[in-house]
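A short worksheet on the structure shown next.
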Amino acid sequence: MKSKIPLFAAFQRLQKITTKSTGLFGNPVLSTPDGFQKLTIDVENKAYKLVDQIINKTGPKDKPTVALVDDLSNVICSAADLAECVRNIHSDGAFASAANESMRIFTNLVETLNTNTALLNALKKSLITESHLLDDTDKRNIDLFIHDFEQSGVGLPDKEKKEFVSLSNEIFHYASIFSKNTDKPSLFTEEEQKEYGIGPLVDTPYPHIADPELRKLFFNRFYQHSDEQEHALRGLIGTRHMLANLTGHESFAHRAQPFSLLGTYENTIKFLEGIIKTFSNTVEPELNLVKEAFHGQKVELNPISEWDYSYGSSLYRQRLFGFTGLLSKYFHFETILCGFEMIVKKLYGIRFETSLPINGEIWDGKVIKINVIDENSNLLGTIYIDLEDRETKLTGDCHYTVRCSKELDNGEFQTPIVVLSLDACDSETEIENLTLSPHMAETFFHEMGHAIHSMLGRTRYQHTAGTRCPTDMAEVPSNLMEFFFNDMRILKLICKDSSGRSIRDDEAEALIASRSLFSGVETLQQTHYALFDLLAHGPEYAPMIANGKITTTELFAKIGKKALPQIGRGENVAWPQRFSHIGPYGAKYYSYLVAKASASLIWEKCFREDPFSRKRGLAWAKVQSYGGELPSSDLLGIALQKAPIATDLCQALHSNYSRNMELIKDSSSKM
Ligand SMILES: [Zn+2]
């Protein structure tokens, strides 16, 4: 297959338009940092006006209450989401701190409204008094809003409500101290520094070092116990458990599951235990490869330790496939962006208009702007990509929704705005010269999968637009783009060096194969983490952790013996104290595995045969356009003709694994 895209096509359009400064995201109020104050006051006024209309029924006659509640949510979210993005990644500290202050006020506002009983009652009442105005979409949104209210303790008697607020504050407090220290380097002693000729900082558990003693030292020091972290984690899990009990749930892990694809705590356990069973026979062959890599070296292999496994697997990978990082010459950012555009053009009939943001529209830095246009020349939405890795960015590679899609009163749609933040280059690099590592290119595909999900959103309400759906479903479109990325036909099309020459077959094959190698062990490691996250928040262990009857380290080791007994790591590895996801994803870390399995089913059924099928593409675009308007199982049911259950998902992961193994065999036999 030959590419029709000329190299660097996207950037011929990359011209800076110099006009007078517009405000952030085109909002003139946000031309200066103090604009955030004006924005905040404006949002508060609009919000309370809507609250009044909802409670006193003074809004437009034929507009259902749920639509007004969504307007209220939209007024707050489109300002709060913007402030959240700005405070995390704006390159000017004055803007970031102004946004941070707004965020504090918005958080308070949301908390106050979420505990407003009159709002909840108005919604509940509307189910009866407005039944003639409501269809399924309205009813689902009412359910979701009521659920959110109830999660905030609004229905509780006054005494419990107070307890709820104080528990929520404690959870917030513990989560923020915990997350501050998950990346904090550990230290070597002066004697150790002298003995091994190394610096003081231990910032990774897996250094690429040939000395097995030193590898062990790095691993154990990185994961050494910290009283402070254990205290924060115990506090977080304990207060979450109390909050769950207070709101009538058996545990926080139970409370986290409604609206998820698997639906219940028990199904989720079944899914994770199913993976352990299905994947148990994948470990031995993979460990044999690692042992092969250590041939002739003095390393304890029975059982192998985690630090040696990590080093040995990367040795093996390098020996078999060479250093795939050298393939970066094919991952020129422009060609990858053009390649991505070509895929979505073929699938969904949408195109990109790429430009540099105009003055003040976005912060200073390496940022490009993409307007996403459909076949009828309608603007679907806007994606900003901030490529610069800088100190002022608080978060790594991620996707911010700044404004959601929503049907407006005049029948038009509010266009979504998203920002992708990638740590892809420093401030000196010209975007035109930027190349990505293969891993970063795959991350780019993942994050763009989220962005396009938002662009395709065509929901009546912003509350369910685009990625605003349950976590597991929200990760399906992005995981699916990783399947596109790791396909031979796609790589051949999108990977070109500076003279326009495509990546060679053997290089592309090696790249895909090297990324799939050891995926059996990797899946079991992820399952171990997911099961820990779930059980630590579950009815049996959460109270034990809270009372100090078991430490998170002990629970982690106990689950490890079940999930991956073939790899040793000792009993005292305080891995959970570094598990940053436990804060934001509490009891839902497993969602990634569900999403990967679901994406694999969709890839197999819809795109593997023809990854450019417009018919299949449009059908999948339709599914994405619902956002969270339909339950996740209905959405997957539409895409796959049958909603998958726990055993299907588990099987899907294993089939994917087996296909990868075939590929590795093919690729390595050609070496
Ligand atoms: Zn994601």
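When a ligand or atom number is given, it counts from 1 through the structure's own listing order. The structure presented is a predicted model; accordingly, all values stated were derived computationally and were not measured.
Between Val372 and Phe352 there is a side-chain heavy-atom pair separated by less than 4.5 Å.
The aromatic ring centres of Phe222 and Tyr206 sit 6.0 Å or more apart.
With sequence neighbours excluded, the residues satisfying side chain to side chain contact (heavy atoms under 4.5 Å, CB included) with Arg659 are Ser600, Glu604, Arg608, Ser655, Asn656.
Ring pair Tyr384/Phe25 is perpendicular by interplanar angle, where above 60° counts as perpendicular and below 30° as parallel.
Taking the ring axis of Phe413 as reference, the NZ or CZ atom of Arg458 stays within 45° of it and closer than 6.0 Å to the ring centre.
Within the sub-2.8 Å shell of the Zn ion (ligand 1), the protein contributes these N/O/S atoms: His446 NE2, His450 NE2, Glu475 OE1, Glu475 OE2.
Within 6.0 Å of NZ in Lys406 there are more than 12 heavy atoms belonging to other residues, nucleotides or ligands.
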